[in-house]
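Notes follow once the structure below has been shown.
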Amino acid sequence: MEFRKKLIAGNWKMNGVGDALEEVAKLSAAHPDPTCEILICPPATLLALMSALPVGRTIATGGQDCHREQAGAHTGDISAEMLADAGARFVILGHSERRANHGETDDDVHAKARTAIAAGLKVVICVGETLAEREAGNTLEIIAGQLAGSVPDLVTGANLVVAYEPVWAIGTGKVASLEQIGEVHNFIRLNLEKHLGAGVGRSTRILYGGSVKAGNAADIFGVSNVDGALVGGASLKAADFSPIITALEAAN
Ligand code: PGA
């Protein structure tokens with residue numbers, strides 16, 4: 001089986017000004033030699049500053065979104081090349097808050113992913129069902145549709161990460177059950193293998209996201225095909241994020 005290095009990603013969303021960089025220094029001091037990959041996606045205003053911290057060997061940075069075009073007249077937007085130039089190595093794409101609040105479609109995410117990969121970034125493509133979709137029994141169909149529409153076929157196992165984030169579990173304190181997580185992660189693995197080939201499918205990391213905390217992380221990381229997590233609220237403070245990293249390092 002292909003080796004998949006575990007990945008723990010913090011999504012700071014629209015939180016954090018200059019003094020938040022201290023949290024990154026604390027995190028780095030707590031994990032000087034991590035056995036998993038650590039990624040923080042701060043607001044764009046902090047990206048260059050965070051990337052310039054002397055922690056780059058252990059903590060990678062990423063953007064939270066980029067534009068589908070390479071450059072041009074798009075006031076207020078940020079390009080993949082700008083993220084890379086500011087030191088980012090990853091970009092989150094198609095987060096449900098972008099899909100819901102900015103009307104992002106699978107086609108947008110697909111185009112953004114192509115542009116981001118061309119700029120040398122790794123993409124963290126988010127998929128996930130709403131509560132209504134789950135209750136209607138459509139979860140796997142929704143995930144399959146989002147994967148088919150959002151993931152370009154030029155990806156490799158090295159530049160694609162998929163994050164399964166049930167919309168109803170994000171920022172709500174409601175976590176998907178281990179059975180629900182296992183079912184969807186196994187489904188995503190098989191889907192990637194089928195559509196992108198066994199090599200890409202087996203080497204792509206699949207993260208769970210949605211109310212991951214120190215108290216539930218170890219159980220989630222024990223589920224098959226969970227290669228790490230995308231963490232929102234609990235990634236803002238080193239004291240909250242650090243035990244989640246430790247749990248991932250301890251997982252088999
Ligand atoms: P949460 O957010 O951990 O605060 O639920 C996760 C996410 O949106 O990536």
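Order of listing sets the numbers, starting from 1, for every ligand and every atom in it. Numbers here are sequence positions counted from 1.
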(message) Please report whether ligand 1 has a polar contact with Gly232, defined as an N or O pair separated by less than 3.5 Å (distance criterion only).
(response)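 It does: an N or O of Gly232 is found under 3.5 Å from an N or O of ligand 1.
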(message) Tell me whether Ile170 has any N or O atom under 3.5 angstrom from an N or O of ligand 1.
(response)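 Between Ile170 and ligand 1 (N or O atoms, distance only) the closest approach is not under 3.5 Å.
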(request) Pick whichever of Lys174, Glu165, Gln64, His95 has a heavy atom sitting closest to atom 8 (O) of ligand 1. (result)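 Of the listed residues, His95 has the closest heavy atom.
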(message) Only heavy atoms of Gly210, strictly under 4.0 Å: list the atoms of ligand 1 that pass.
(response)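 Heavy-atom distances to Gly210 below 4.0 Å select 5 (O).
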(request) Run the numbers for me: atoms of ligand 1, each under 4.0 Å from some heavy atom of Asn11, listed by number. (result)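 The atoms of ligand 1 under 4.0 Å from a heavy atom of Asn11 are 9 (O).
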(message) For Asp227, run the side chain to side chain donor-acceptor pair (under 3.5 Å) check against Lys5, Arg189, Lys6 and tell me which one passes.
(response)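 Answer to the side chain to side chain donor-acceptor pair (under 3.5 Å) test with Asp227 among Lys5, Arg189, Lys6: Arg189.
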(message) By the definition side chain to side chain donor-acceptor pair (under 3.5 Å), identify the one residue from His102, Gln64, Glu165 that meets it with His95.
(response)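 Single pass found, and it is Glu165.
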Is the closest heavy-atom distance from [X] to ligand 1 below 4.0 Å?
| X | value |
| --- | --- |
| Ala234 | no |
| Gly171 | yes |
| Lys213 | no |

(request) Give the cluster check for Val127 versus Leu190: same hydrophobic cluster or not, with ILVMFWY residues linked at side-chain heavy-atom distances below 4.5 Å. (result)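 No, because Val127 and Leu190 fall into different hydrophobic clusters, even though each may have its own neighbours under 4.5 Å.
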(message) Starting from atom 4 (O) of ligand 1, what is the nearest protein heavy atom, named by residue and atom, and what distance separates them?
(response)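 Looking only at protein heavy atoms, the one closest to atom 4 (O) of ligand 1 is Gly233 N, 2.9 Å.
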(message) Give me the atom names and distance for the closest heavy-atom approach of Ala113 to Ile125.
(response)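 Closest approach of Ala113 to Ile125: CB-CD1, 4.0 Å.
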(request) For the residue pair Tyr164 and His185, categorise the inter-ring angle as parallel (less than 30°), tilted (30 to 60°) or perpendicular (more than 60°). (result)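 Perpendicular.
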(message) Among Asp107, Asp65, Asp106, exactly one meets salt bridge (Lys or Arg N to Asp or Glu O under 4.0 Å) together with Arg99. Which residue is that?
(response)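 That would be Asp106.
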(request) Please examine the side chains of Ile245 and Leu27, heavy atoms only from C-beta on, and report whether any two atoms are closer than 4.5 Å. (result)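 In contact.
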